[in-house]
Asker: 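Would you mind keeping the following structure in view while I ask a few things?
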Amino acid sequence: MGGELRVRCCIAGGGPAGMMLGFLLARAGVAVAVLEKHADFLRDFRGDTIHPSTLELMAELGLLDEFLRRPHDEVRELAAQVGDERLVLADFGHVSARCKFVAFMPQWDFLDFLAQRGRRYPGFALRMQAEAVELIEEGGRVAGVRARTPDGPLAVRADLVVGADGRHSTVRRLAGLRSDELGAPMDVLWLRLPRFADDPAATFGHAESGRIFIMLNRGDYWQCAYVIPKGGFDEVRRAGLEQFRQSLVALSPFLASRVEKLASWDEVSLLTVAVDCLREWHRPGLLCIGDAAHAMSPIGGVGINLAIQDAVAAANRLAAPLLSGNVSDADLAAVQRRREWPTRMTQRLQLAIQNRIVRRVLDSRAPLKPPLALRLLQWFPVLRRIPARIIGIGFRPEHVA
């Protein structure tokens, strides 16, 4: 309903960062409201990877066994085909966590799980179909948000507003926070194709000259990512849907019997890749985390991992000040200091892969050969632990205080 609400913390955005932060703050006794603009969490082609570091957090919260009872797939190594060669890129069997795998679970299941646990605490409020559209400012400080709901305007007054509303964040735009645009040479087309019982079991990628195709095993279907040059979707569409289908078959011939299921362009979603980072993640009374603070490349699927780590760091630092009603600029700056280094390091690595590998593949017209770095992973399997550590754990894993 509309009206007015008073809480200690108002979180705009019910994605992984927002839901995790809301749950952790409510668990600490903080009155918190999470505003999610959609009516539910059921949207295709959101990141579905739950990394070992996130599973470790679930264990620390005493929720791991219950969480893993939800349907999921477990990936213990990442593989790719470059030209005619199959390569193993990462082996999660030695990561420093209880769960030595990446779990693939529909993101709506993950968010629903956090929402259910959050509702067990009296201070947790989740408002669906509530879209933050304006900041409330008083005395040079953000003091809440105004939201649009089906029942009319809703004013949420809070000691702290957290923008967790994704890479197209309304909160960060309203706050006037500036970002450094780091660039990306590609966009990604997401689609689903049926998976048959005799298909390969592994999640894998396939790179040929001018094309990159990634297939994620989701049980009865493949979630597919077709990488194209930045701004190239119009050219792909002009070539026609049949040409697009044949491109998929050329990369993965076993798809030939089912690409006709791709009946129209409406079944293909464009992800416009952006990589950026706010210079300042905060203003008095306001903090941005997750993609609202730093949009990540899809390389490695680490964006969700970074967002959840941001949420844990923010909850660890801010729960006590929120309970006392005294969140200072120094507290908000401390969250940025804690999380900016691992974010920048991850983005630096993503940019190196984008520019040295992805760009070269997309621009290539000659037969591809694996670069030396990938060959080293085959010659010395112990080296596969390094990408597994970076993808699965990250540069600075957080732990629940």
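Quantities reported herein were computed from a predicted structural model and do not represent experimental measurements. Heavy atoms only: backbone and side chains are in, while hydrogens, waters and symmetry mates are out.
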Asker: Around atom CZ of R70, are there more than 12 heavy atoms from other residues, nucleotides or ligands closer than 6.0 Å?
Answerer: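 Yes, enclosed.
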
Asker: Kindly state each residue pair satisfying ring pair (Phe, Tyr, Trp, His ring centres under 6.0 Å) with at least one member in residues 308-338, sequence neighbours excluded.
Answerer: none

Asker: Enumerate the ring pair (Phe, Tyr, Trp, His ring centres under 6.0 Å) contacts for residues 60-87, please, sequence neighbours excluded, ordered by first and then second residue.
Answerer: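 Those involving residues 60-87 are F67-F110, F67-F113.
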
Asker: Under the ring pair (Phe, Tyr, Trp, His ring centres under 6.0 Å) definition, can you give me all pairs with a residue in residues 124-177, not counting sequence neighbours?
Answerer: none

Asker: Going by ring-ring contact (aromatic ring centres under 6.0 Å, His included), name the residues that satisfy it together with H51, two or more places apart in sequence or in a different chain.
Answerer: none

Asker: For residues Q350 and Q354, is any side-chain donor paired with an opposing acceptor at under 3.5 Å?
Answerer: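 Side-chain D/A pair, Q350 to Q354: absent.
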
Asker: Just how far is it from atom CG of L24 to atom CG of N316, taken to the nearest 0.5 Å?
Answerer: 7.5 Å

Asker: By the ring pair (Phe, Tyr, Trp, His ring centres under 6.0 Å) test, which pairs, at least two apart or in different chains, include something from residues 277-315?
Answerer: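 Sorted pair list: W281-H294.
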
Asker: Using the salt bridge (charged side-chain N to carboxylate O under 4.0 Å, His left out) criterion, which residues pair with D329? Sequence neighbours excluded.
Answerer: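 None.
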
Asker: Y121: what forms a ring-ring contact (aromatic ring centres under 6.0 Å, His included) with it, not counting sequence neighbours?
Answerer: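 Partners of Y121 by the ring-ring contact (aromatic ring centres under 6.0 Å, His included) criterion come out as none, since no residue qualifies.
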
Asker: Ion pair present between K261 and E267, side-chain N to carboxylate O less than 4.0 angstrom?
Answerer: no

Asker: List for me each residue that meets side-chain hydrogen bond (donor to acceptor under 3.5 Å, both in side chains) alongside R211, sequence neighbours excluded, and say none if there are none.
Answerer: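 So R211 forms no side-chain hydrogen bond (donor to acceptor under 3.5 Å, both in side chains) with any residue.
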
Asker: Can you name the residues that form a ring-ring contact (aromatic ring centres under 6.0 Å, His included) with F233, not counting sequence neighbours?
Answerer: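 Expected list: W265.
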
Asker: Please table the atom pairs, donor to acceptor, closer than 3.5 Å between any side-chain atom in residues 160-167 and protein atoms at least two apart or in another chain.
Answerer:
{"from": "D165", "atom 1": "OD1", "to": "S169", "atom 2": "OG", "distance (Å)": "2.5"}
{"from": "D165", "atom 1": "OD2", "to": "S169", "atom 2": "OG", "distance (Å)": "3.3"}
{"from": "D165", "atom 1": "OD2", "to": "T170", "atom 2": "N", "distance (Å)": "2.9"}
{"from": "D165", "atom 1": "OD2", "to": "V171", "atom 2": "N", "distance (Å)": "3.1"}
{"from": "R167", "atom 1": "NH1", "to": "A274", "atom 2": "O", "distance (Å)": "3.3"}
{"from": "R167", "atom 1": "NH2", "to": "M296", "atom 2": "O", "distance (Å)": "3.1"}

Asker: Which side-chain N or O atoms in residues 132-142 pair as donor and acceptor under 3.5 Å with protein atoms at least two apart or in another chain?
Answerer:
{"from": "E137", "atom 1": "OE1", "to": "R283", "atom 2": "NH2", "distance (Å)": "2.7"}
{"from": "E138", "atom 1": "OE2", "to": "R157", "atom 2": "NH1", "distance (Å)": "2.5"}
{"from": "R141", "atom 1": "NH2", "to": "V327", "atom 2": "O", "distance (Å)": "2.9"}

Asker: Under the side-chain hydrogen bond (donor to acceptor under 3.5 Å, both in side chains) rule, collect the residues that match up with S328, sequence neighbours excluded.
Answerer: D331

